[in-house]
2 protein chains.
Amino acid sequence: MKTADISLTICSYTHVLEIISNKWTALVIYALEDGTIRYGEIKNRIEGISQKMLTQTLKQLERDGLVSRKVTPKVPPIVEYTLTSLGESLIPHMRMLKEWAAAHYAQVALAREEYDASFNQTPIE
Amino acid sequence: MKTADISLTICSYTHVLEIISNKWTALVIYALEDGTIRYGEIKNRIEGISQKMLTQTLKQLERDGLVSRKVTPKVPPIVEYTLTSLGESLIPHMRMLKEWAAAHYAQVALAREEYDASFNQTPIE
DNA sequence: CCGAATCCACCTTGATACTG
DNA sequence: CAGTATCAAGGTGGATTCGG
């Protein structure tokens, strides 16, 4: 008998989220959209990211095969990052989500305000 | 002078992720795809979810205006959930991501194996 | 039947300091 | 320049228990 037909481990959607739902991942991918770019340049482009988080995010993207890393061992070292074709194939889908957000996020924000207001109108005293 | 052109707070993409990137959110939305459904039925459909997480996820979805909640105050109480039109408008985009995952996740898994293997081949002793 | 409240383990993030 | 190491702090998910 089948009681549960939705499984976390099977759902492929959650696998994508696993990849792109970290705090900085999407922004790093955006920074890479224009082509090959150096580590420091990414850091300059993304407001508020720390070295640790940028390094960690890039490493994860590299592990997932979405980004390739090229080191030029000079002094000072040059490390460049590029989206792989796999990484590029994900961009259109991210754009669609972004467009959904642009079109509907105001509704979400409004819904949140109304929801929160329905509690605040009955304060404790 | 403009130094950082990618901002976390401005990027609308991150706003969507904020909504749907929780561990259970996507699965709950899937459970609601077929139409109105009761709390207990959702819980049965989703493998491994706890009451706490289901309640929390539904509350958040309701706050975001993606799901509507209808209580029938009987004994025992009946609580039904339905996707709003806003919630339904998000489904096609989620499906696209899911299709990307189905098509490309094997590549990601392979990339991870290779990446991890490149470290394990030089163990400590 | 539906959900709130508590406690707890884990993971993620971030600040800071150091290396080649 | 491009990282790594360490530590502190907050958030998140889960087990359990209680309530209407």
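Every chain is numbered from 1, with letters handed out A, B, ... down the list of sequences.
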Value in whole Å for how far the [atom2] atom of [N] lies from [atom1] of [X]:
X     : N      : atom1 : atom2 : result
A:I49 : C:dT13 : CD1   : C1'   : 11 Å
B:I78 : C:dG3  : CD1   : C1'   : 16 Å
B:K43 : C:dC1  : NZ    : C1'   : 12 Å
A:Q60 : D:dG3  : CD    : P     : 16 Å
A:Q56 : D:dA2  : CD    : P     : 18 Å
A:N22 : D:dT12 : CG    : C1'   : 14 Å
B:M53 : C:dC2  : CE    : P     : 18 Å
A:L17 : D:dT12 : CG    : P     : 15 Å

>> Reading DNA chain D from 5' onward, which residue's closest nucleotide shows up sooner: B:K23 or A:L58?
In response: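 Its nearest nucleotide being more 5', the pick is A:L58.
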>> Using heavy-atom distances to pick each residue's nearest nucleotide on DNA chain D, tell me which of A:L8 and A:Y81 is more 5'.
In response: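 First, find each residue's nearest nucleotide; the 5'-ward one identifies A:Y81.
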> OP1, OP2 of D:dA2 versus side-chain N and O of A:R38: anything below 4.0 Å?
Replying inline: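 Indeed, a polar side-chain atom of A:R38 lies that close.
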> A:E41 versus A:N44: any side-chain heavy-atom pair under 4.5 Å?
Replying inline: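 Yes, close enough: below the 4.5 Å cut-off.
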>> Less than 4.5 Å apart, side chain to side chain, heavy atoms only: is that true for A:V79 and A:R69?
In response: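 A side-chain contact exists here, since the closest heavy-atom pair is under 4.5 Å.
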Listed nucleotide nearest any side-chain atom of [X], set [options]:
X     : options               : value
A:R69 : D:dG3, D:dC1, D:dG13  : D:dG3
A:Q51 : C:dA17, D:dA15, C:dG3 : C:dA17
B:K59 : C:dA4, D:dC1, C:dC2   : C:dA4

> In terms of ring plane angle, is the pair A:Y81 and A:Y39 parallel, tilted or perpendicular, where the classes change at 30° and 60°?
Replying inline: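 Geometry flag for A:Y39 against A:Y81: tilted rings.
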>> For A:P76 and A:K52, find the nucleotide of DNA chain C closest to each by heavy atoms; which residue's nucleotide sits nearer the 5' end?
In response: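 Taking each residue's closest nucleotide, the earlier one in sequence belongs to A:K52.
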> Are the side chain of A:T57 and the backbone N or O of A:W24 linked by a donor-acceptor pair below 3.5 Å?
Replying inline: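 No: the side chain of A:T57 does not pair with the backbone of A:W24.
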>> So A:K74, base contact, sugar-phosphate only, or nothing? Heavy-atom distance under 4.0 Å.
In response: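 If one applies the 4.0 Å heavy-atom cut-off, A:K74 turns out to touch nothing in the nucleic acid.
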>> Base, sugar-phosphate or nothing for B:T55? Non-hydrogen atoms, less than 4.0 Å.
In response: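 Here B:T55 touches the backbone only, sparing every base.
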>> Testing the basics here: between B:I19 and B:T25, what is the closest heavy-atom pair and its distance to 0.1 Å?
In response: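 Minimum heavy-atom separation between B:I19 and B:T25: O-CG2, 3.6 Å.
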